[in-house]
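Before any comments, here is the structure.
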Amino acid sequence: MSIFLYVEKQERKRGIFMLLNSIVAVVIIVIAIFTVKKYKLSMKYGCCGSADSGEGRRVEVADKNPEDYPYTAVLDIKGMTCENCVRYVENALNEQGDIWAVADLKRNSAFVRMKKEYTDDQFKMILRPTGYTLVGVRDRNKNK
């Protein structure tokens with residue numbers, strides 16, 4: 001009688017083990033599918049680009065006379081990894097109309113000229129929709 005109990009217990013263990021293996025296999029397959037899709041998108045549009053990003057579109061600053069911008073600052077920005085990132089950051093800042101920004105990928109920063117003074121919180125709100133984080137603002141100057 002004990003041999004039958006032993007065999008039954010072993011069969012239950014084998015069934016549980018097979019079920020767990022199946023679950024792990026399904027999870028691995030799902031992760032692989034999402035990884036391949038993300039990789040294909042990144043190869044097509046860049047690391048942070050997307051089909052609706054207006055690839056290559058830059059917001060041009062209308063007033064490029066430095067004399068018209070009495071305030072300057074350097075924004076330290078976290079998360080930029082490629083030229084698309086630089087474009088997104090510059091576009092978000094330049095869309096304000098009274099900011100002229102030039103982002104630097106190597107330094108993870110942006111030099112901004114402003115016609116009016118902006119607070120750290122205002123810069124954070126401008127950058128928030130882009131997905132990049134303002135780490136700090138330094139070298140604030142009033143030029144006039």
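Residues take their numbers from the sequence shown, with the count starting at 1.
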Close side-chain approach of [X] and [Y], heavy atoms under 4.5 Å:
{"X": "Lys13", "Y": "Ile16", "answer": "no"}
{"X": "Arg107", "Y": "Leu105", "answer": "no"}
{"X": "Val30", "Y": "Ile33", "answer": "no"}

*Might you point out which heavy atoms bring Asp139 and Val74 nearest each other, and give the distance in Å?*
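Result for this residue pair: OD2-CG2, 4.0 Å.
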
*Minimum heavy-atom distance between Tyr132 and Gly79, given as atom pair plus value*: CE2-O, 3.4 Å

*Do Arg138 and Asp76 pass the side chain to side chain contact (heavy atoms under 4.5 Å, CB included) test, and can you show the C-alpha distance, the side-chain angles, and the key distance before you say yes or no?*
CA-CA 8 Å; Arg138 60 185 162 85; Asp76 292 317; 3.0 Å; yes

What's the separation between atom [atom1] in [X] and atom [atom2] in [Y], rounded to the nearest 0.5 Å?
{"X": "Leu93", "Y": "Leu127", "atom1": "CG", "atom2": "CG", "answer": "5.0 Å"}
{"X": "Asn91", "Y": "Asn94", "atom1": "CG", "atom2": "CG", "answer": "7.0 Å"}
{"X": "Ile99", "Y": "Arg113", "atom1": "CD1", "atom2": "CZ", "answer": "13.0 Å"}
{"X": "Thr130", "Y": "Met80", "atom1": "OG1", "atom2": "CE", "answer": "9.5 Å"}
{"X": "Ser109", "Y": "Asp104", "atom1": "OG", "atom2": "CG", "answer": "5.0 Å"}
{"X": "Arg128", "Y": "Met125", "atom1": "CZ", "atom2": "CE", "answer": "5.0 Å"}

Answer with yes or no whether the hydrophobic clustering places [X] together with [Y]; edges join I, L, V, M, F, W, Y residues whose side-chain heavy atoms lie under 4.5 Å apart.
{"X": "Val137", "Y": "Met114", "value": "yes"}
{"X": "Tyr71", "Y": "Leu75", "value": "yes"}
{"X": "Val102", "Y": "Val61", "value": "yes"}

_Against Tyr69, only a single residue in Tyr118, Phe111, Trp100 fulfils ring pair (Phe, Tyr, Trp, His ring centres under 6.0 Å); can you say which?_
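Going through Tyr118, Phe111, Trp100 one by one, the ring pair (Phe, Tyr, Trp, His ring centres under 6.0 Å) with Tyr69 is satisfied by Trp100 alone.
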
*Does Asp63 come within less than 4.0 Å of Lys115, counting only side-chain N to carboxylate O?*
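Salt bridge between Asp63 and Lys115, a charged N being under 4.0 Å from a carboxylate O: yes.
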
*Applying the side chain to side chain contact (heavy atoms under 4.5 Å, CB included) test to Ile28, which of Ile31, Val24, Val26 qualifies?*
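Only one option passes, and that is Val24.
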
_Criterion salt bridge (charged side-chain N to carboxylate O under 4.0 Å, His left out) on Glu95 and Arg57, from CA distance to verdict_ = CA-CA 12 Å; Glu95 284 173 346; Arg57 181 185 73 86; 3.8 Å; yes

*Keeping the roles fixed (side chain from Glu90, backbone from Ala103), state whether a donor-acceptor pair exists under 3.5 Å.*
yes

*For Val89 and Ile77, what are the C-alpha separation, side-chain angles and deciding distance, and is it a side chain to side chain contact (heavy atoms under 4.5 Å, CB included)?*
CA-CA 9 Å; Val89 167; Ile77 301 166; 3.6 Å; yes

*Using the salt bridge (charged side-chain N to carboxylate O under 4.0 Å, His left out) rule, take Arg140 and Asp120 through it: C-alpha gap first, then chi angles, then the decisive distance, then the call.*
CA-CA 11 Å; Arg140 286 183 182 268; Asp120 291 15; 2.4 Å; yes

